[in-house]
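Remarks on the structure that follows.
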Amino acid sequence: MRVLEIDHPLVAHKLSVLRNRATHSSVFRQLADELVTLLAYEATRNVAVAPVEIETPVTMMTGTKLSNPKPMVVPILRAGLGMLDGLTRLLPTAEVGFLGMVRNDETLEVTTYANRLPEDLTGRQCFMLDPMLATGHTLIAACEYMHERGARDITCVTLLCAPEGLKAMEEALDPSIDLTVVTAAIDEKLDEKGYIVPGLGDAGDRLFGVVD
Ligand code: URA
């Protein structure tokens, strides 16, 4: 498993505004979107491409195009939805699937309540969107789901990771998956409620206006 913690002043600045509890939902949504686009630039570094013959106003040349099959982008509902536009801005031709997963706040167990994905993901490059890699339970379940359908190349894009969640993913997931985690920061730890510390609170609530 590769972990890319993006070291860039704009990423650090936007993330700090997101962390601030005084940041209102509308600003939070806008900055999360911009931050994901910055992360998407790194997350797509190994996106599959093929040569293509093109004619410039001057001459013929061999250019580059995204190859088939199309990449698959999968926001994990609910909070991953707030990352979808930021990623598809750079990959507008990608197919979008959906996975609805919910964490029980008491047991921290994850269950799938919705799935809109092709049955066969063989050969597809998959980009999973979930802002907070906390215990890792959600992303582990989501990656296992994709792996069972044939996905072997999975990139998880997150705003924040906890070291506990990264360790859990490394231990739980089949090593045959070509797995990359791209994140704006790896924080210190999880608290007893499973929140990332220092973190940014509940990403879904802050994205969708449940808290001010
Ligand atoms: N999910 C969140 O939204 N925030 C956390 O800190 C952990 C999980």
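For ligands, and for the atoms within them, numbers begin at 1 and follow the listed sequence. Each residue takes its place number in the sequence, starting with 1.
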Any side chain to side chain donor-acceptor pair (under 3.5 Å) involving residues 48-72? Give me the pairs, sequence neighbours left out, ordered by first then second residue.
Glu53-Thr62

Residues clustering with Leu90 (ILVMFWY side chains joined when closer than 4.5 Å, directly or via others):
Tyr41

Determine, for Asp202 against Arg78, whether the closest basic-nitrogen to carboxylate-oxygen distance falls under 4.0 angstrom.
yes

When you check the gap from the basic side-chain N to the acidic O, do Glu164 and Lys167 get nearer than 4.0 Å?
no

Any protein N/O atoms within less than 3.5 Å of an N/O atom in ligand 1? List the atom names and distances, or say none.
from	atom 1	to	atom 2	distance (Å)
ligand 1	3 (O)	Ala203	N	2.8
ligand 1	4 (N)	Gly201	O	2.8
ligand 1	6 (O)	Ile196	N	2.8

In one Ile/Leu/Val/Met/Phe/Trp/Tyr side-chain cluster, 4.5 Å: Tyr195, Leu139
no

Rest of the hydrophobic cluster containing Met60 (Ile/Leu/Val/Met/Phe/Trp/Tyr, side-chain heavy atoms under 4.5 Å)?
none

